[in-house]
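FYI, side chains are in, hydrogens and waters are out, and symmetry mates aren't considered; it's all heavy atoms of this structure. Below, chains carry the letters A, B, ... as their sequence lines are ordered, and counting in each starts from 1.
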Number of protein chains: 2
Amino acid sequence: MSKTLHHGLLLLRVLSEQQQGLTVSELADAISVHRTVAHRLVRTLEAHQLCRRDHQRRIVLGTGLVSLAEPVQQDLRALARPVLDELAESTGATAHLLVQEGVTQMRALMVVEPRGALVHVSFRPGQTHPIEQGSGGVAVLAHGPYREGERAEVTEARAKGYAVTTGEVIPAVTGVSAAVPSGNGTAAASIGVSVFEYTDLDQLGTRVARAARSLGELLG
Amino acid sequence: MSKTLHHGLLLLRVLSEQQQGLTVSELADAISVHRTVAHRLVRTLEAHQLCRRDHQRRIVLGTGLVSLAEPVQQDLRALARPVLDELAESTGATAHLLVQEGVTQMRALMVVEPRGALVHVSFRPGQTHPIEQGSGGVAVLAHGPYREGERAEVTEARAKGYAVTTGEVIPAVTGVSAAVPSGNGTAAASIGVSVFEYTDLDQLGTRVARAARSLGELLG
DNA sequence: AGGCGGTGTGCGATATTCGCACCACCTGTG
DNA sequence: CACAGGTGGTGCGAATATCGCACACCGCCT
């Protein structure tokens with residue numbers, strides 16, 4: 001593992017968690033390197049437009065990152081867009097696409113908020129949470145074979161075709177998700193909705209499951 | 001400038017331009033380093049989830065990038081979202097938010113496509129082009145003082161309040177943009193629409209200019 | 001003036017990286 | 001079946017890029 005690159009990437013992570021901007025000294029402290037080291041790293045990041053100085057000369061993330069992030073899972077996102085749009089519109093709830101990250105985490109890749117809904121759940125793409133928690137991870141786990149000691153919610157989701165959890169990722173918010181099947185039988189993604197409250201859970205579940213299936217078919 | 005970090009960031013850029021995936025050897029050739037060096041850099045990037053192996057073991061960008069890119073210009077994007085939505089909806093054209101990058105470039109930060117339009121322009125956020133070309137850059141230049149030898153389009157845009165160019169960024173596409181004023185009189189961003197053809201250019205211009213002004217007021 | 005906190009820059013010591021050599025694996029081929 | 005040619009991965013000594021001290025500068029406040 002490259003130490004210098006590692007430190008540079010740590011800087012980016014620190015910057016992404018503190019969007020109000022940081023000084024070089026603060027960055028150096030945050031990743032436990034000498035101030036001059038952080039300074040040289042920042043210069044390099046600036047040259048790639050991954051960070052810049054704001055109006056107060058504090059260091060913030062740069063717009064080059066949107067260019068880098070755009071192609072990430074481009075095919076999946078392009079296909080998921082209309083599916084999520086339709087799901088958000090028909091349910092009036094916030095629809096999301098999650099992908100498995102490693103073996104223990106799920107990451108939000110897309111979030112589509114419904115138009116016209118007076119109140120709806122809102123959260124940002126990029127967020128991660130343990131795969132055992134939340135309806136998306138449960139749905140992905142339920143798409144795999146039965147595992148000794150799995151959560152009851154996983155077993156139930158395998159039977160029903162969709163997963164439901166409440167308050168595990170966002171307090172007081174209920175998630176309803178289904179796994180997106182990929183060609184070889186595995187599932188590394190889920191589609192779902194997040195709601196504050198619901199009336200007909202089963203109807204929500206079948207709609208989510210249908211959206212997940214249709215995305216799976218689009219993926220081939 | 002840190003050489004190792006520089007090389008790692010070059011790898012990310014190469015990966016972002018070739019989304020079909022690359023091998024370690026190809027990456028090494030692309031940035032002119034030894035294969036083992038590229039290998040070590042890739043390992044470090046993988047550890048930060050900035051790249052991963054796809055189903056064919058080829059190296060592609062990782063989802064960690066969406067977490068890093070999310071907070072970029074978060075305040076500006078959050079405020080611009082409803083303005084762009086309204087602009088795209090009312091004009092039936094693709095609306096975009098561009099920001100100045102350095103002194104010579106403009107970068108697309110947001111693109112909102114109209115809903116329900118049968119045909120519309122589509123392009124990806126993150127793209128950059130010279131500030132002299134395209135309506136967005138012209139609008140930003142026109143917001144500044146008169147400069148000797150500036151393009152006629154800039155002078156005209158300063159008089160009209162919005163800029164119009166055709167085929168300078170995307171062939172056969174006409175852009176109509178206005179600068180987003182920021183508090184201290186400078187403009188580092190523009191709002192605009194892209195159309196294949198238009199009927200009432202002046203109406204389009206006034207709508208764009210109104211959207212840009214309203215975003216400027218939101219920014220304070 | 002003087003202290004303080006931040007930024008930026010040479011430069012020598014040394015820790016880090018470089019890149020060769022080597023091994024393992026897969027695949028198509030004579 | 002042996003072999004060539006491609007990729008992936010790993011020790012390890014030599015080379016070099018990095019580290020971090022020391023110094024200078026700037027703006028701000030007391």
Residue pairs involving residues 19-31 of chain B (criterion salt bridge (Lys or Arg N to Asp or Glu O under 4.0 Å); sequence neighbours excluded) | B/Glu26-B/Arg58
Hey, could you give me the CD/OG1 distance between A/Glu150 and A/Thr155, rounded to the nearest 0.5 Å?
-> 3.5 Å
Give the B/S/- string for nucleotides 5-19 of chain D, one per nucleotide from 5' to 3', where a protein heavy atom under 4.0 Å of the base yields B, of only the sugar-phosphate yields S, and otherwise -.
-> --SBBB------SSB
A/Leu68 and B/Leu68, any side-chain heavy atoms less than 4.5 Å apart | no
Does the side chain of A/His39 come under 3.5 Å of the side chain of A/His34 through a donor N or O and an acceptor N or O?
-> no
Evaluate the side chain to side chain donor-acceptor pair (under 3.5 Å) criterion for residues B/Arg107 and A/Thr63: first the C-alpha distance (whole Å), next the side-chain angles of each, then the deciding distance (0.1 Å), finally the verdict.
-> CA-CA 8 Å; B/Arg107 170 171 268 137; A/Thr63 53; 3.2 Å; yes
